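Predicted model only: the values in this text are computed from it and were never measured.
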Amino acid sequence: MKKLGLLALAIMGGILAITAYSAPAHAQATRTWVSGVGDDANPCSRTAPCKTFPGAISKTAAGGEINVLDPGGFGGVTITKAISIISESIEAGVLVSGTNAIIVNAGVNDKVLLSGLDIEGLGTGLNGVRILNAATVTIRKCSIRNFTQRGVDLEAANANSRVFIQDSQIINNTLGGFFLQGQAGVVNNAVIERTTFDLNGGAAVSVSGPGQVVLSANTLAFSVPSLLIAGGTTVISYGNNVFRSTGTPTQTIPLQ
């Protein structure tokens, strides 16, 4: 009887050891959540959300998604992998002072989405979104304002890095609204649609070096110039763009 009891304990101990070994210690979720009243010590689930984007991104798998549960200020973040940060009809603030708000330095095949964010530089922040490396970065329904450098700065090291800016407002940034210049002369590209550039201290849209910028249904106002082109970049207007200071597209293609 005693031997049977010892055998049962041994079997149970083996099962527990196998279970403990097979359980991942730091599993990352494909979908995580942040809340103004969350805590970065949480697992970032819907019922136990994190408080900041940096806290959530460390617990989100590559290619995953961070969602905003309720209004709050979620902090600047450096993105080093494919990720989506999404806020739907909820105030999702990224407030910074003296630094960049969002840096994208991901892999050459990584795709990044920023949607519904209120990105504020408080008059001392550097760039709203600075892109150093990625396949594509989509900025959708975002407000980017009050930075000492640029609202969106695309200077990617990898060739054919592309940014899509859609349905956004880029306002009151000292050096300009959007800047494109590939590092070491590599080709970077941009598509900008239905976006307002207003009161930017430099050019509303500035492009330098090889590449292509496509503009469609944008308003570029109260910046001098509205459009600054240098270094062989091609700027194409697909129509319905409004320019309220100097600078015009290099070529115009009829709206299709």
Legend entry - With F164, the side-chain contact (heavy atoms from CB on, under 4.5 Å) member among L113, T136, I139, V214: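 Only one option passes, and that is T136.
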So which atom in [X] and which in [Y] form the shortest heavy-atom distance, rounded to 0.1 Å?
X: S97; Y: L122; value: CB-CD1, 4.5 Å
X: V186; Y: A159; value: CB-CA, 4.1 Å
X: K141; Y: S168; value: N-OG, 3.4 Å
X: P54; Y: G76; value: CG-O, 3.1 Å
X: R145; Y: N173; value: C-OD1, 3.5 Å
X: V94; Y: A101; value: CG1-CB, 4.0 Å

Can you check whether [X] reaches [Y] side chain to side chain, under 4.5 Å on heavy atoms?
X: N133; Y: V104; result: no
X: S161; Y: L154; result: yes
X: V207; Y: V235; result: yes
X: P49; Y: V34; result: no
X: V242; Y: R244; result: yes
X: V152; Y: I144; result: yes
X: T60; Y: T30; result: no
X: I66; Y: F74; result: no

Legend entry - Any side-chain donor near an acceptor of the partner, E120 and N146, under 3.5 Å: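 Checked: E120/N146 side chains pair up, N/O donor to acceptor below 3.5 Å.
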[atom1]/[X] to [atom2]/[Y] distance, rounded to the nearest 0.5 angstrom?
X: S237; Y: I192; atom1: OG; atom2: CD1; result: 11.5 Å
X: R162; Y: I131; atom1: CZ; atom2: CD1; result: 12.5 Å
X: N42; Y: W33; atom1: CG; atom2: CH2; result: 14.5 Å
X: Q183; Y: N188; atom1: CD; atom2: CG; result: 8.5 Å
X: S206; Y: L228; atom1: OG; atom2: CG; result: 4.0 Å
X: T78; Y: I57; atom1: OG1; atom2: CD1; result: 8.5 Å

Flag, side chain of [X] to backbone of [Y], donor-acceptor distance under 3.5 Å:
X: S87; Y: I90; value: yes
X: T80; Y: N105; value: no
X: D40; Y: T52; value: yes
X: N218; Y: T195; value: yes
X: S35; Y: V37; value: yes
X: N189; Y: Q212; value: yes
X: K51; Y: A41; value: no

Legend entry - Ion pair check, D153 and R130, cut-off under 4.0 Å: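 Looking at D153 and R130, the cut-off is met.
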Inset, instruction - Decide, yes or no, whether a salt bridge links K81 with D110 under the criterion of side-chain N to carboxylate O below 4.0 Å. - result: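 Salt bridge flag = no for D110 with K81.
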Legend entry - I170 with I229, same ILVMFWY side-chain cluster at under 4.5 Å: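 I170 and I229: one cluster.
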Inset, instruction - Identify whether F179 and L126 are in the same connected component of the hydrophobic contact network (ILVMFWY, side-chain heavy atoms under 4.5 Å). - result: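 F179 and L126: separate clusters.
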Inset, instruction - Apply the side-chain hydrogen bond (donor to acceptor under 3.5 Å, both in side chains) test between Q166 and each candidate in E193, R140, R194; give the one that qualifies. - result: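 The side-chain hydrogen bond (donor to acceptor under 3.5 Å, both in side chains) with Q166 is passed solely by E193 among E193, R140, R194.
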